[in-house]
Amino acid sequence: MADNPAPRARRLMDINTFEENFCDVRANKTYLCYKVEVREGDAWTPVLEHWDYLRNQGADTPWLPRRHAELCFLDLFPSWPLDQEKQYRLTWYISWSPCPDCVPELVEFLKKNSHVKLYIFAARVYTYFLGYERGLCDLRDAGAQLAIMTHNEHQHCWDTFMDSQGQPFEPWPNMEEQIQEQSQQLQTILRNPEN
DNA sequence: ATTTTCAAT
């Protein structure tokens, strides 16, 4: 077929994967949904060909070298033909917040790509690695916007990245409590000058 | 009750 095909439909995440990673289950893996928008005048226009998701390479993918989801994204990014003269908004919806080991590479990425502003919405704060608080503050200081996913972001992911099969997004029972708790924790970290 | 923490027991 030589004619121009319609743009290929974006790969979508199945409902179980979403619920296991972005809702009330603490999965031993990390998923990262990402979207890109470009500034055109006063508006932000979606760059839909770069909306997708990925996951880390970890214990359950032993055929791949271990790599956190954020670094998998950094591997991917250079292949995008973005216009250095334009401004971009890169938004992540990530199931665990970035760990302190990944932060220096993210900071470097932001320094090298001043045409890109990074907005991170995490489902939960990843507290497992020592120094996680400092890592998040360093990321913030490098210009990244950090927040916890609220109902709005969950709904947006559901509508944008999921194969929802026509089902509406169903908040889980303690969703609001979890959001409040995680948001409070993040705010405490970001406000603490000791970090 | 200090938790299923980009696992490892």
Side-chain angles (χ1 to χ4, degrees), chain A residues 11-35 50-79 90-110 118-140 142 144-151 153-154 157-158 160-162 170-192 194-195:
Chain A
R11 177 179 58 132
L12 296 174
M13 184 183 293
D14 65 80
I15 293 172
N16 283 343
T17 301
F18 180 71
E19 290 179 341
E20 287 175 10
N21 289 280
F22 287 94
C23 298
D24 58 344
V25 180
R26 291 161 186 258
N28 297 84
K29 51 195 168 183
T30 297
Y31 275 79
L32 168 54
C33 300
Y34 53 87
K35 68 178 190 182
H50 300 312
W51 291 31
D52 201 352
Y53 69 91
L54 55 76
R55 57 150 299 173
N56 72 298
Q57 298 168 180
D60 57 344
T61 56
W63 57 92
L64 296 170
R66 288 220 175 174
R67 200 145 174 81
H68 277 187
E70 305 89 317
L71 303 188
C72 293
F73 178 88
L74 295 189
D75 293 341
L76 176 75
F77 183 83
S79 70
L90 172 61
T91 308
W92 286 0
Y93 304 95
I94 188 167
S95 58
W96 288 111
S97 66
C99 87
D101 292 350
C102 290
V103 164
E105 297 195 51
L106 295 175
V107 169
E108 188 63 26
F109 166 78
L110 291 172
L118 178 60
Y119 295 78
I120 300 175
F121 292 95
R124 320 171 189 76
V125 178
Y126 186 73
T127 63
Y128 192 63
F129 286 7
L130 203 64
Y132 68 91
E133 303 100 327
R134 178 59 182 273
L136 294 175
C137 288
D138 287 348
L139 199 49
R140 183 266 320 272
Q145 292 287 317
L146 293 168
I148 296 300
M149 289 175 69
T150 65
H151 183 280
E153 284 75 37
H154 280 91
C157 280
W158 184 268
T160 305
F161 297 103
M162 303 304 133
E170 294 283 355
W172 63 96
N174 62 339
M175 184 181 81
E176 286 305 329
E177 290 88 338
Q178 179 176 312
I179 290 170
Q180 287 303 319
E181 175 192 279
Q182 294 291 317
S183 297
Q184 187 60 245
Q185 186 174 6
L186 178 60
Q187 290 313 313
T188 300
I189 292 165
L190 294 179
R191 283 184 190 144
N192 185 352
E194 299 290 314
N195 297 323

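Letters A, B, ... are given to chains in the order of the sequence lines, protein chains preceding strands, and every chain is numbered from 1. The structure presented is a predicted model; accordingly, all values stated were derived computationally and were not measured.
- When rounded to the nearest whole Å, the span between CG of A:L130 and P of B:dT5 equals 17 Å.
- Across the interface with DNA chain B, nearest-nucleotide mapping of A:H68 and A:E181 shows A:E181 to be the residue nearer the 5′ end.
- Taken to the nearest 0.5 Å, the CE atom of A:M149 stands 7.0 Å off from the SG atom of A:C33.
- Nucleotides B:dA7 and B:dT2, compared at atom P, are 24 Å apart to the nearest Å.
- Rounded to a whole Å, the CD atom of A:Q182 is 10 Å from the C1' atom of B:dT5.
- Whole-Å rounding puts the A:R26 CZ to B:dA7 P distance at 16 Å.
- The CG atom of A:N21 sits 12 Å away from the P atom of B:dA7 (whole-angstrom rounding).
- The aromatic rings of A:F73 and A:F77 sit tilted, their planes meeting at an angle between 30° and 60°.
- Residue A:S97 is classed as a base contact, given a heavy-atom separation below 4.0 Å to a base.
- For A:A59, the side-chain contact (heavy atoms from CB on, under 4.5 Å) partners two or more places apart in sequence, or in a different chain, are A:R66.
- By the 4.5 Å heavy-atom criterion applied to side chains, A:R11 and A:Y53 are counted as neighbours.
- A ring pair (Phe, Tyr, Trp, His ring centres under 6.0 Å) with A:W96 is found for exactly one of A:Y31, A:Y126, A:Y128, namely A:Y126.
- At whole-Å resolution of the value, CG in A:L136 and C1' in B:dT5 are 13 Å apart.
- An OP1 or OP2 oxygen of B:dA8 is reached within less than 4.0 angstrom by a side-chain nitrogen or oxygen of A:R66.
- Contact annotation: side chain of A:Q57 to base of B:dC6, donor-acceptor pair absent below 3.5 Å.
- Here B:dT3 presents its C1' atom at 12 Å from CG of A:N28, a figure rounded to the nearest Å.
- Rounded to an integer number of Å, the gap from CZ of A:F22 to P of B:dC6 is 15 Å.
- For the pair A:L64 CG and B:dC6 P, the interatomic distance rounds to 17 Å; values are reported in whole Å.
- The P atoms of B:dA1 and B:dC6 are separated by 26 Å, rounded to the nearest whole Å.
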